[in-house]
Chemist: 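The structure under discussion is supplied below as structure tokens; questions concerning it will follow.
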Number of protein chains: 2
Amino acid sequence: MVSSTTTTQLRRGVVGPCILALLSTGPRYGLQLVKELDRSGQLLSSQGTVYPLLNRLHESGLVSSYWEMSDSERPRRYYEITNEGRRELDEFRNDWAEFAGAVNTLMASTKAPSSESESR
Amino acid sequence: MVSSTTTTQLRRGVVGPCILALLSTGPRYGLQLVKELDRSGQLLSSQGTVYPLLNRLHESGLVSSYWEMSDSERPRRYYEITNEGRRELDEFRNDWAEFAGAVNTLMASTKAPSSESESR
DNA sequence: TGCCATACCTTGCACGGCAAGGTATCTTCT
DNA sequence: AGAAGATACCTTGCCGTGCAAGGTATGGCA
């Protein structure tokens, strides 16, 4: 609040699941995730978020990783979602839907009067 | 993540605006806000969130307050939204819509295949 | 040789929600 | 009268997470 970074606060607890979501469609390496998240709207602003996060996800067993050594490119560390990761992701989708629904409801129900015909 | 309190993280940056939203329909006192938020879904779990938050909102000039002394009831401190508070609230609504939209898009676009017909 | 881009990673800060604890007053029950 | 509970206020200290800033290494290109 007040701070310029309203969205930074909103991101809390969301970036991890977003990464899981991306990984659920296929493996990626760190920088790639940064770029994709960056492109997906306001979901990320720095590498300093992603690498520690990937470590945490790894330690929690939600993702696994492997190095890909090519002799023509930088070595890359790819991450893959695990089954447990998929379970977490599903759970998040539920939590998120419920939470966002609650916020939307509150925001809508307190909105300036125009022609209310609220249900609920 | 991993922690039992996924929603706690989601609440970050949202509770303040929710309070502003409630206040935008009329003044309330602390405990009342706690109860209303509690009832509005998963938006709050403790008084320890609300009172410090109200202080911050007050210091930032987003709300004002006055004491209501009744000889038949506990003294209550009522909070009212200020014009600046309304501005903040509007801004939040935009930020939130955009952010939630980004999350929803990502979550939807990575969802299990059933019969994709993505636009965008 | 120097420089940029790509890739990895760490450190320390700041912020906000939360549990736990604390005070005071009024009512109700025994 | 004394205890218990409800209602109202408030503070303190912890913890997780995102972020800026900084740091390393290697390949390509001029």
Side-chain angles (χ1 to χ4, degrees), chain A residues 1-20 27-38 42-60 62 65-79 92 99 103, chain B residues 1-20 27-38 42-60 62 65-79 92 99 103:
Chain A
M1 195 101 271
V2 139
S3 61
S4 56
T5 48
T6 308
T7 12
T8 290
Q9 297 305 323
L10 296 184
R11 289 195 257 256
R12 301 219 158 192
V14 174
V15 185
C18 284
I19 287 182
L20 291 180
R28 324 211 170 186
Y29 61 95
L31 253 205
Q32 190 181 1
L33 287 165
V34 173
K35 284 182 209 144
E36 289 191 43
L37 286 173
D38 200 33
Q42 305 306 323
L43 298 178
L44 186 80
S45 55
S46 137
Q47 301 185 18
T49 300
V50 167
Y51 288 109
L53 217 180
L54 285 169
N55 284 338
R56 276 182 266 136
L57 295 173
H58 193 248
E59 280 156 24
S60 320
L62 306 182
S65 82
Y66 57 92
W67 283 92
E68 188 136 314
M69 314 302 250
S70 150
D71 22 282
S72 68
E73 270 168 329
R74 302 261 58 70
R76 287 166 174 172
R77 186 172 180 183
Y78 278 85
Y79 293 88
F92 173 83
F99 177 77
V103 175
Chain B
M1 196 100 272
V2 138
S3 62
S4 54
T5 47
T6 308
T7 11
T8 291
Q9 296 306 323
L10 296 184
R11 289 195 256 258
R12 301 220 158 192
V14 174
V15 185
C18 284
I19 288 182
L20 291 181
R28 329 217 163 178
Y29 61 96
L31 253 204
Q32 190 180 2
L33 286 167
V34 173
K35 285 182 207 141
E36 289 191 43
L37 287 174
D38 200 32
Q42 306 306 323
L43 297 177
L44 187 79
S45 53
S46 139
Q47 301 186 18
T49 301
V50 167
Y51 289 108
L53 217 181
L54 285 169
N55 284 339
R56 275 181 267 136
L57 294 173
H58 193 248
E59 280 157 23
S60 320
L62 306 183
S65 82
Y66 57 92
W67 283 93
E68 189 134 314
M69 314 303 252
S70 150
D71 22 284
S72 68
E73 272 167 328
R74 302 259 60 68
R76 288 167 175 171
R77 185 171 181 184
Y78 279 83
Y79 293 88
F92 174 83
F99 178 77
V103 175

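First the proteins, then the strands, lettered A, B, ... as listed; each starts at 1.
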Chemist: Between dC18(C), dC8(C), dT26(D), which nucleotide gets closest to the side-chain atoms of Arg74(A)?
Modeler: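 Looking only at side-chain atoms, Arg74(A) lies closest to dT26(D).
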
Chemist: Has the side chain of Arg11(A) got a donor or acceptor that lies under 3.5 Å from a partner of the other kind on the base of dG18(D)?
Modeler: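 Answer is no: no donor-acceptor pair is held.
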
Chemist: Any side-chain N or O of Tyr29(B) under 4.0 Å from OP1/OP2 of dA8(D)?
Modeler: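 It does, given that an N or O in the side chain of Tyr29(B) lies less than 4.0 Å from OP1 or OP2 of dA8(D).
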
Chemist: I need the CG-P distance between Leu54(A) and dA7(C), as an integer number of Å.
Modeler: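 Those two atoms, CG and P, are 15 Å apart.
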
Chemist: Are there over 12 heavy-atom neighbours, none belonging to Gln42(B), within less than 6.0 Å of that residue's CD?
Modeler: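 No, CD of Gln42(B) has 12 or fewer neighbouring heavy atoms, counting only those of other groups under 6.0 Å.
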
Chemist: Could you state the atom-to-atom distance from OH of Tyr51(B) to P of dC9(D) in whole Å?
Modeler: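 Answer to the nearest Å: 4 Å.
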
Chemist: Would you mind reading off the distance between His58(A) atom NE2 and dC9(C) atom C1', rounded to a whole angstrom?
Modeler: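 Distance check: His58(A) NE2 to dC9(C) C1' gives 15 Å.
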
Chemist: Once you apply a heavy-atom cut-off of 4.0 Å, does Tyr79(A) come out as touching a base, just sugar-phosphate, or nothing?
Modeler: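 Sugar-phosphate: the residue Tyr79(A), judged by heavy atoms under 4.0 Å, touches backbone atoms but no base.
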
Chemist: Ignoring hydrogens and angles, are the base of dC9(D) and the side chain of Gln47(B) linked by a donor-acceptor pair under 3.5 Å?
Modeler: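 Answer yes: a donor N or O sits under 3.5 Å from an acceptor.
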
Chemist: Given dG18(D), dC18(C), dA7(C), which nucleotide is nearest the side-chain atoms of Thr8(B)?
Modeler: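 Among the listed nucleotides, the one closest to the side chain of Thr8(B) is dC18(C).
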
Chemist: Of the nucleotides dT25(C), dG18(D), dC9(D), which one has an atom closest to the side chain of Trp67(B)?
Modeler: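 Selected nucleotide (nearest to the side chain): dC9(D).
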
Chemist: Would you call the rings of Tyr29(A) and Tyr78(A) parallel, tilted or perpendicular if under 30° counts as parallel and over 60° as perpendicular?
Modeler: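 If you compare the ring of Tyr29(A) with that of Tyr78(A), the planes turn out perpendicular.
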
Chemist: Measure from the side chain of Arg76(B), starting at C-beta and using heavy atoms only, and say which of dC9(D), dC19(D), dA19(C) lies closest.
Modeler: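 Shortest atom-to-atom distance from the side chain points to dC9(D).
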
Chemist: So which one's nearest nucleotide on DNA chain C is more toward 5', Gly48(A) or Pro75(A)?
Modeler: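 First, find each residue's nearest nucleotide; the 5'-ward one identifies Pro75(A).
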
Chemist: Could you tell me which non-hydrogen atom of Leu54(A) sits nearest to which non-hydrogen atom of Gly30(A), and how far apart they are?
Modeler: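 Taking every non-hydrogen atom into account, CD1-CA, 4.2 Å.
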
Chemist: Round to the nearest Å and state the distance from Asp38(A) atom CG to dA20(D) atom P.
Modeler: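 Whole-Å distance recorded here is 11 Å.
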
Chemist: Taking atom OG1 of Thr5(A) and atom CG of Leu10(A), what is their separation to the nearest 0.5 Å?
Modeler: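 Taking OG1 in Thr5(A) and CG in Leu10(A), the distance rounds to 9.5 Å.
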
Chemist: Whole angstrom is fine here: how far is it from CG in Leu53(B) over to P in dC15(C)?
Modeler: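 Whole-Å distance recorded here is 14 Å.
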
Chemist: Looking at dG16(C), dT17(D), dC8(C), which one has an atom nearest to any side-chain atom of Gln9(A)?
Modeler: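 Looking only at side-chain atoms, Gln9(A) lies closest to dG16(C).
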
Chemist: Parallel, tilted or perpendicular, judged at 30° and 60°: which one describes the rings of His58(B) and Tyr79(B)?
Modeler: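 Geometry flag for Tyr79(B) against His58(B): perpendicular rings.
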
Chemist: What does Val50(B) touch in the nucleic acid at a heavy-atom separation under 4.0 angstrom: a base, only the sugar-phosphate, or nothing?
Modeler: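 No contact.
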
Chemist: Please figure out whether Val14(A) or Thr49(B) has its closest DNA chain D nucleotide nearer the 5' end.
Modeler: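 Result of the comparison: Thr49(B).
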
Chemist: Using atom CE of Met69(A) as one end and atom P of dA7(C) as the other, report the distance to the nearest whole Å.
Modeler: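 Checked: the CE to P distance equals 14 Å.
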
Chemist: Does Lys35(B) have a side-chain nitrogen or oxygen under 4.0 Å from the phosphate oxygens OP1 or OP2 of dA8(D)?
Modeler: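 For Lys35(B), the contact criterion (side-chain N or O under 4.0 Å from OP1 or OP2 of dA8(D)) is met.
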
Chemist: Considering every strand and a 4.0 Å limit on heavy-atom distances, what is the contact class for Gly30(A): base, sugar-phosphate, or nothing?
Modeler: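 Sugar-phosphate only.
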
Chemist: Classify the nucleic acid contact of Arg12(B) as base, sugar-phosphate or nothing, counting any heavy atom under 4.0 Å across all strands shown.
Modeler: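 The residue Arg12(B) makes base contact.
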
Chemist: What is the distance, rounded to the nearest whole Å, between atom OH of Tyr66(B) and atom C1' of dA8(D)?
Modeler: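 Distance check: Tyr66(B) OH to dA8(D) C1' gives 16 Å.
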
Chemist: Under the criterion side chain to side chain contact (heavy atoms under 4.5 Å, CB included), which of Val50(A), Asn55(A), Leu57(A) is the partner of Leu53(A)?
Modeler: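 Among Val50(A), Asn55(A), Leu57(A), the one meeting side chain to side chain contact (heavy atoms under 4.5 Å, CB included) with Leu53(A) is Leu57(A).
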
Chemist: Check whether any side-chain nitrogen or oxygen of Arg77(B) sits under 4.0 Å from OP1 or OP2 of dC10(D), and answer yes or no.
Modeler: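 For dC10(D), OP1/OP2 do have a side-chain N/O of Arg77(B) under 4.0 Å.
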
Chemist: Figure out the CG/P separation between Asn55(A) and dC19(D), and round it to whole Å.
Modeler: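 Checked: the CG to P distance equals 16 Å.
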
